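All remarks here apply to the structure that follows.
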Amino acid sequence: LGLNENHIDAVYEKPHSAKVGYYVPGTRIPILSDTQFDAINYKAPLLNFAWHIGNEIRNYMHDLGYKGQIIDIISTS
């Protein structure tokens, strides 16, 4: 997609994911624990890279209090 750290601040994973503390391959986009994401106050759209579990991610983010738009990078419909 040609996205890098100039476009995306961070990618978030479950707190105990082995990916936390590293970078998205080929970029300097940090992978952080989702406990560091301020879902209630974040207003910008989110990109969902987990295309295969889009509904699960959408429900999870809404449960955390995120009210903004969630964009799937790959649509299954």
Side-chain angles (χ1 to χ4, degrees):
L1 297 173
L3 300 172
N4 61 39
E5 62 278 0
N6 295 317
H7 306 101
I8 298 174
D9 295 330
V11 170
Y12 295 88
E13 287 276 342
K14 294 283 190 176
H16 300 293
S17 170
K19 299 173 194 172
V20 171
Y22 292 95
Y23 295 94
V24 173
T27 75
R28 295 299 289 168
I29 301 169
I31 301 173
L32 305 175
S33 168
D34 61 13
T35 61
Q36 296 176 269
F37 181 70
D38 185 6
I40 293 172
N41 295 310
Y42 194 81
K43 305 295 183 213
L46 297 180
L47 286 177
N48 175 25
F49 289 99
W51 58 270
H52 59 299
I53 55 171
N55 287 334
E56 181 180 330
I57 297 296
R58 192 168 279 101
N59 291 335
Y60 178 71
M61 294 310 299
H62 287 149
D63 288 348
L64 290 178
Y66 178 71
K67 305 266 191 254
Q69 181 182 16
I70 299 174
I71 302 166
D72 294 326
I73 62 162
I74 299 174
S75 175
T76 58
S77 58

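Because the structure is a prediction, the values reported are computed rather than measured.
What you find for L32 and A10 is that their closest heavy atoms are CD1-CB, 3.6 Å. Nearest heavy atom pair, residue P45 against residue I71, reads CB-CD1, 4.0 Å.
Considering only heavy atoms from C-beta on, I8 stays 4.5 Å or farther from V24 through its side chain. Within the 4.5 Å cutoff, side-chain heavy atoms of F37 are placed close to those of M61.
Annotation: the span from F49 atom CZ to I74 atom CD1 amounts to 10.0 Å, rounded to 0.5 Å. Atom CD of E13 sits about 13.0 Å away from atom OH of Y22, to the nearest 0.5 Å. A distance of 6.5 Å separates CG of D34 from CG of L64, quoted to the nearest 0.5 Å. Rounding to the nearest 0.5 Å places NZ of K14 at 11.0 Å from OG1 of T35.
Placement of I31 and L3 within a single hydrophobic cluster is found when ILVMFWY residues are connected by side-chain heavy-atom separations under 4.5 Å, directly or transitively. Both I53 and L46 are assigned to one and the same hydrophobic cluster, defined by single-linkage of ILVMFWY side chains at heavy-atom distances under 4.5 Å. The cluster map of Ile, Leu, Val, Met, Phe, Trp and Tyr, joined by side-chain heavy atoms under 4.5 Å apart, puts I40 and I70 in different clusters. Under the 4.5 Å side-chain heavy-atom criterion for grouping Ile, Leu, Val, Met, Phe, Trp and Tyr, V11 is not connected to I57 through any hydrophobic cluster.
With hydrogens and angles ignored, the 3.5 Å screen pairs no side-chain donor or acceptor of Y12 with any backbone N or O of P15.
N59 and H62 are not linked by any side-chain donor-acceptor pair at a separation below 3.5 angstrom, with hydrogens and angles left out of the test.
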